[in-house]
There are 2 protein chains.
Amino acid sequence: MTSQPVDRLADVTEPRWLNEQEERAWRGLMTMEEGLTAFIDRRLRTHCGLSHADYQVLAHLSEAPGGRLRSFELGDLLRWEKSRLSQHLSRMQARDLVTRERSQVDQRGAVVTITAQGTQLISVAARQHVADARDAVIDQLTATELKTLTAIADKVRERLAVLDPSGRR
Amino acid sequence: MTSQPVDRLADVTEPRWLNEQEERAWRGLMTMEEGLTAFIDRRLRTHCGLSHADYQVLAHLSEAPGGRLRSFELGDLLRWEKSRLSQHLSRMQARDLVTRERSQVDQRGAVVTITAQGTQLISVAARQHVADARDAVIDQLTATELKTLTAIADKVRERLAVLDPSGRR
DNA sequence: AGGACAAGGTTGACGAGTCAACCAGTGGAT
DNA sequence: ATCCACTGGTTGACTCGTCAACCTTGTCCT
């Protein structure tokens, strides 16, 4: 629109674009991500009646001692906004997957507990989930690729923590 | 590659759980995905006022000859449901990022065109996007990792196409 | 030509996520 | 004891994605 002093804004106006190899990697990653999340969610939904979000909530609860967690602990594990968690738990409570009570220790707080039905469901869903994970990803890769993938994920997560410390919360 | 009948039956009751290495890879991948999509979307939103979805629409349009595409072509590129596309385009049209007209060739169809403002915005956003992609992922990885990542993404996408042919459409 | 069926899009209702505002309880400082 | 900031959670309004129903136009078959 308006003419600018070129040198000062050099990297704003002309960044280092991706070369062919980088472009392929980036597009591939984005497309894989979209496809994979859609796939996982769809399978869980149609085979178990759980969304991926439901699954994650129940998974964390079922791994916790007594199948119960404080709301904020759950939120930290999931890295969800508190309002999202609150609303989601309301819906899950209505479906009899979890219960909520006031904490005895801290009157502000809520304790979330997985129900028998929730426990039942997550046990089926976990089998489905691991089978899908194998089928779509894990079993498709060599041992080397698996190791590299882990390394990549570690690096990126670490980097994101630096770039975006708030990280959705 | 595919499991035998016997395995399939066994899978239902007691699947092959993930070993430690596999578990780390899978959890790492999931967490990276969530973090990365959140990051990309947040940056685009706060720096350019575009959601990632907006970005993808405009990117495809700006790469098309004349900055225009039939609705269904756009849908195929994005792999979006047609209703999602329709609703999203309505919102983008209201924000003066695209226009829609009836196709002359096929009276059923719509032709979507990027506006001047849309062109302006995508050019800024693309710079932001590539900078973020570098910063969070590309520049963090070695050449080998980048190559392996591409290979992994290719394999997974290919596998997903087999497992989930509908693939969100 | 006529009728069935498919293709391209739109709409409405609903489930889900985000943001900002809010409320109640907690825990210091003074 | 009182004031005040912080923490843990909930609510309401808005945006976004999905599903099913629907309408119009094109296509094919006879």
Side-chain angles (χ1 to χ4, degrees), chain A residues 34-35 37-46 49-57 68-95 97-112 164 166-169, chain B residues 34-35 37-46 49-57 68-95 97-112 164 166-169:
Chain A
E34 282 164 22
T37 35
F39 172 71
I40 292 295
D41 193 61
R42 178 186 295 273
R43 299 280 283 202
L44 240 27
R45 245 178 236 285
T46 61
L50 292 178
S51 69
H52 189 37
D54 298 331
Y55 176 81
Q56 293 180 86
V57 170
R68 52 175 55 227
L69 281 173
R70 284 291 300 274
S71 234
F72 77 94
E73 295 178 302
L74 200 45
D76 286 353
L77 289 169
L78 295 164
R79 319 208 111 240
W80 283 8
E81 285 193 17
K82 55 186 186 174
S83 76
R84 174 181 181 187
L85 181 59
S86 177
Q87 311 228 41
H88 203 95
L89 287 177
S90 297
R91 291 186 296 258
M92 291 182 74
Q93 191 172 20
R95 291 159 62 203
L97 298 174
V98 301
T99 62
R100 269 190 294 189
E101 336 149 25
R102 283 216 141 193
S103 164
Q104 302 304 70
V105 187
D106 183 339
Q107 288 295 308
R108 293 170 297 187
V111 178
V112 187
D164 199 20
S166 77
R168 177 163 263 50
R169 189 164 66 247
Chain B
E34 284 165 22
T37 36
F39 172 71
I40 292 294
D41 192 60
R42 178 185 296 274
R43 298 281 284 204
L44 240 28
R45 245 178 237 284
T46 61
L50 292 178
S51 70
H52 189 38
D54 298 330
Y55 176 81
Q56 295 180 85
V57 170
R68 53 177 54 227
L69 282 172
R70 285 290 301 271
S71 234
F72 76 94
E73 294 178 304
L74 200 45
D76 285 353
L77 290 170
L78 294 164
R79 320 207 110 240
W80 283 8
E81 285 193 18
K82 55 185 186 175
S83 77
R84 174 183 181 185
L85 181 58
S86 176
Q87 313 231 37
H88 203 95
L89 288 177
S90 298
R91 291 186 296 257
M92 291 183 72
Q93 190 171 19
R95 291 159 60 205
L97 299 174
V98 300
T99 62
R100 271 190 292 188
E101 335 150 25
R102 282 217 143 192
S103 164
Q104 304 303 74
V105 186
D106 183 340
Q107 288 295 308
R108 295 170 296 185
V111 178
V112 187
D164 198 21
S166 75
R168 177 157 268 48
R169 190 165 60 250

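Every chain is numbered from 1 and lettered A, B, ... according to where its sequence line falls, protein lines coming before strand lines. As the structure is a prediction and not an experimental result, all values here were calculated from the model.
Two residues are said to be in side-chain contact when any heavy atoms from C-beta on lie closer than 4.5 Å; B:Lys82 and B:Ser71 fail this criterion. You'll find the side chain of A:Asp41 reaches within 4.5 Å of the side chain of A:Arg45, heavy atoms only.
As a whole-Å value, the separation of A:Leu78 CG from C:dT18 P is 12 Å. Atoms CD (A:Glu101) and P (D:dT10) sit 13 Å apart, rounded to a whole Å. Across the protein-nucleic acid pair, A:Lys82 atom NZ and C:dG17 atom C1' stand 16 Å apart, rounded to whole Å. Atom CD in A:Glu81 sits about 18 Å away from atom P in D:dC14, given to the nearest Å. Put simply, CG on A:Leu97 is 11 Å from P on C:dA16, counting in whole angstrom units. Rounded to an integer number of Å, the gap from A:Leu74 CG to D:dG9 C1' is 13 Å. Atom P of nucleotide D:dT10 and atom CZ of A:Arg84 are separated by 16 Å, given to the nearest angstrom. Taking atom CH2 of residue A:Trp80 and atom P of nucleotide C:dC19, one finds them 15 Å apart after rounding to whole Å.
Among the atoms of the strands shown, only primed sugar atoms or phosphate atoms (P, OP1, OP2) are found under 4.0 Å from some heavy atom of A:Arg100. Note on B:Ser83: a base of the nucleic acid sits closer than 4.0 angstrom, heavy atoms only.
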What protein N or O atoms touch nucleotides 24-26 of chain D N or O atoms at under 3.5 angstrom, if any, and at what distances?
unit_1	atom_1	unit_2	atom_2	d
D:dG26	OP1	B:Gln107	N	3.1

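Contacts between residues 85-92 of chain A and DNA chain D, counted as heavy-atom distances below 4.0 Å, involve A:Ser86, A:Gln87.
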> Please walk me through it: do A:Ile40 and A:Tyr55 pass side chain to side chain contact (heavy atoms under 4.5 Å, CB included)?
Replying inline: CA-CA 10 Å; A:Ile40 292 295; A:Tyr55 176 81; over 6 Å; no
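B:His52 pairs by the side-chain hydrogen bond (donor to acceptor under 3.5 Å, both in side chains) definition with nothing, not counting sequence neighbours.
When each of B:Phe72 and A:Asp54 is assigned the nucleotide of DNA chain C with its nearest heavy atom, B:Phe72 is the one assigned upstream, toward the 5' end. Each of A:Arg45 and A:Arg70 was assigned the nucleotide of DNA chain D with the nearest heavy atom; the assignment lying further toward the 5' end belongs to A:Arg70.
When every heavy atom of A:Arg95 is checked against every heavy atom of A:Leu50, the shortest pair comes out as NH2-CD2, 3.9 Å.
Of the possible polar contacts, one joining the A:Glu73 side chain to the A:Arg70 backbone as a donor-acceptor pair under 3.5 Å is found.
Side-chain polar atoms of B:Asp106 and B:Ser103 form no donor-acceptor pair below 3.5 angstrom.
Other residues, nucleotides and ligands contribute over 12 non-hydrogen atoms within 6.0 Å of the CD atom of B:Gln107.
A salt bridge links A:Glu101 with A:Arg68: at least one charged nitrogen is closer than 4.0 Å to a carboxylate oxygen.
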